[in-house]
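Reviewing the structure listed below.
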Amino acid sequence: MILHVDMDQFVAAVEILRRPELRGQPVVVGGAGDPTARRQVVSTASYEAREHGVHSGMPLRRAAQLCPSAVFLPTDPAAYSEASERVMAVLRGFPVDVEVWGWDEAFVGGDIADPQALAAELKAAVFAETGLTCAIGIGENKLQAKMAARFAKPGGVHTLTTAEWLPVMGPRPAADLWGIGPKTARKLDELGLHTIAQLAATPPEDLVERFGPRQAAWLPVAASGGGDTHISTEPWVARSRSRENTYAEDLSDLDEISREVAAMARALTADVVDDGREITHVAVKVRYTSFFTPTREMKLRAGPTTDPEVVELAALHLLTKFEWKRPVRLLGVRVNLAMPD
DNA sequence: TCTGGGGTCCTAGGACCC
DNA sequence: TCTGGGGTCCTAGGACCC
């Protein structure tokens, strides 16, 4: 069996931990914590704020309208990263395999005799050592465990097995499946495939034309409750690193745009060089006020580099490949990293 | 009340080479 | 002479996740 550990309202919970007076109050974490700021969105809302309809991705100003009494806090990624490390260390203290999945999730596998007992022990240990609570899903593969954790939230334990899968998940919309987003859900709807049970009963051949071979093969398997059972304990090696910024006021001046992109390119290079990595590709992203968002990317011809000058010049070169007739609201730079041997 | 930031993986088309 | 088929690299975009 595989367990999926999913922290409850993780970002909000970390903030509440260091400000206990916030417990029980609606808390909204996002942007610089200013509910009047434009172009900033909710990162995480506490359960109390969610009761007012506030959710991740919502503009802060909208959140403030829905829940004027909420406490608004700036995001503090370093604090969440540090809290995440403490949680994962607790999980690794057990004789199990742990695969970290983002800040606030992990899959746990290995030689597990009694998954229910293990789940209870993990929850208790995480709470005792970090003050944070989690939900735990138990399943026969990662997909089942992940879906089970949704039923377990907040703070519970839930099991979903192959035998239970179709009776429980079958009637639910295909969009409930981990890996099916709004676009795929709409395409499935257009094919008359609305529920997980309907998708599970569809031969891949019927999906190839619309979805391509890989997704066509995966969709019915996932809908039938099939999934990956491998827990990888290898440390994650990042493929890329990026920085982007949405500006409160649109940018039109190409000199200013160039300065911004150059600064991002240099900062990014410093970050990855700190991590001992080399840069192979540079990409620039522009979002116009229309929300049209093209990207331009290039491989560094001279080979992998750690030189900020090279990365900056590449980014500035890529800038020449865009049209500058309209103002922009976002600029971003991404670098791809050479994979160590 | 207009729509964040940081990632990963997949697909598709064109260039280029044999 | 007007024309094939395969393989790989590169870039752009789409979709999804937290």
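Throughout, protein chains are lettered first and strands after them, A, B, ... in sequence-line order, and every chain is numbered starting at 1.
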Can you establish whether the number of heavy atoms outside A:F127 located under 6.0 Å from its atom CZ is more than 12?
no

Residues of residues 135-162 of chain A with a heavy atom under 4.0 Å from any atom of DNA chain C, listed by number, are A:K146

Winner on side-chain proximity to A:R61, out of B:dT8, B:dC2, B:dG4, is B:dC2

In DNA chain B, consecutive runs of at least three Watson-Crick or G-U pairs below 3.5 Å, as range with range, amount to B:5-18 with C:5-18

In numerical order, the residues of residues 97-107 of chain A whose heavy atoms come under 4.0 Å of DNA chain C are A:W101, A:D104, A:E105

Expected list for residues 316-329 of chain A near DNA chain B, using heavy atoms below 4.0 Å, is A:R329

Contacts under 3.5 Å, N or O only, protein and nucleotides 5-7 of chain C:
none

Answer with base, sugar-phosphate or nothing: what part of the nucleic acid does A:L60 contact at a heavy-atom distance below 4.0 Å? nothing

ILVMFWY network linking A:M264 to A:L337, side-chain heavy atoms under 4.5 angstrom: yes

Comparing nearest nucleotides in DNA chain B, the 5'-proximal residue of the pair A:G57, A:Q215 is A:G57

Name each donor-acceptor pair under 3.5 Å that joins a side chain in residues 87-105 of chain A to protein atoms two or more places apart or in another chain, with its distance.
{"residue": "A:E99", "atom": "OE1", "partner": "A:K142", "partner atom": "NZ", "Å": "2.9"}
{"residue": "A:E99", "atom": "OE1", "partner": "A:S232", "partner atom": "N", "Å": "2.6"}
{"residue": "A:E99", "atom": "OE2", "partner": "A:K142", "partner atom": "NZ", "Å": "3.2"}
{"residue": "A:E105", "atom": "OE1", "partner": "A:H4", "partner atom": "NE2", "Å": "3.0"}
{"residue": "A:E105", "atom": "OE1", "partner": "A:K146", "partner atom": "NZ", "Å": "2.8"}
{"residue": "A:E105", "atom": "OE2", "partner": "A:K146", "partner atom": "NZ", "Å": "3.2"}

message = Mind checking if A:A238 touches a base, just sugar-phosphate, or nothing, with heavy atoms under 4.0 Å?
response = sugar-phosphate

Anything under 3.5 Å between a protein N or O and an N or O of nucleotides 14-17 of chain B, put it in a table, one pair a line.
none

By side chain to side chain contact (heavy atoms under 4.5 Å, CB included), A:D250 pairs with (sequence neighbours left out) A:R39, A:T289, A:P327, A:R329

Looking at every strand, decide which applies to A:G212 at a 4.0 Å heavy-atom threshold: base, sugar-phosphate, or nothing.
-> nothing

Discussion item. Mind checking if A:T184 touches a base, just sugar-phosphate, or nothing, with heavy atoms under 4.0 Å?
Written reply: sugar-phosphate

Residue pairs meeting salt bridge (charged side-chain N to carboxylate O under 4.0 Å, His left out), one or both in residues 251-264 of chain A, sequence neighbours left out, come to none

Residues passing the side chain to side chain contact (heavy atoms under 4.5 Å, CB included) test with A:Q116, sequence neighbours excluded, are A:D114, A:I138, A:V157, A:T159

In terms of side-chain heavy atoms, does A:R334 have a donor or acceptor partner in A:N336 at a distance below 3.5 Å? yes

Residue pair A:P213/A:Q40 against DNA chain B: nearer the 5' end by closest nucleotide is A:Q40

Expected list for residues 285-312 of chain A near DNA chain C, using heavy atoms below 4.0 Å, is A:P294, A:T295, A:R296, A:E297, A:M298, A:K299, A:R301

Show your reasoning for whether side chain to side chain contact (heavy atoms under 4.5 Å, CB included) applies to A:Q215 and A:T184. CA-CA 10 Å; A:Q215 207 185 2; A:T184 302; 3.3 Å; yes

task: On the 0 to 90° scale, with breaks at 30° and 60°, tag the A:W324-A:F322 ring pair as parallel, tilted or perpendicular.
output: tilted

Tell me what A:W236 touches on the nucleic acid: a base, only sugar-phosphate, or nothing, going by heavy atoms under 4.0 Å. sugar-phosphate

Query raised in the report: Shared ILVMFWY cluster between A:V54 and A:V29, side chains joined below 4.5 angstrom?
Result: no

Sequence neighbours excluded, the answer for side chain to side chain contact (heavy atoms under 4.5 Å, CB included) partners of A:A70 is A:P26, A:V28, A:C67, A:F72

Original post:
Do A:T195 and A:P173 have side chains that get closer than 4.5 Å, going by heavy atoms?
Top reply: no

ask   = Do A:D34 and A:T36 pass the side chain to side chain donor-acceptor pair (under 3.5 Å) test, and can you show the C-alpha distance, the side-chain angles, and the key distance before you say yes or no?
value = CA-CA 5 Å; A:D34 174 3; A:T36 68; 2.7 Å; yes

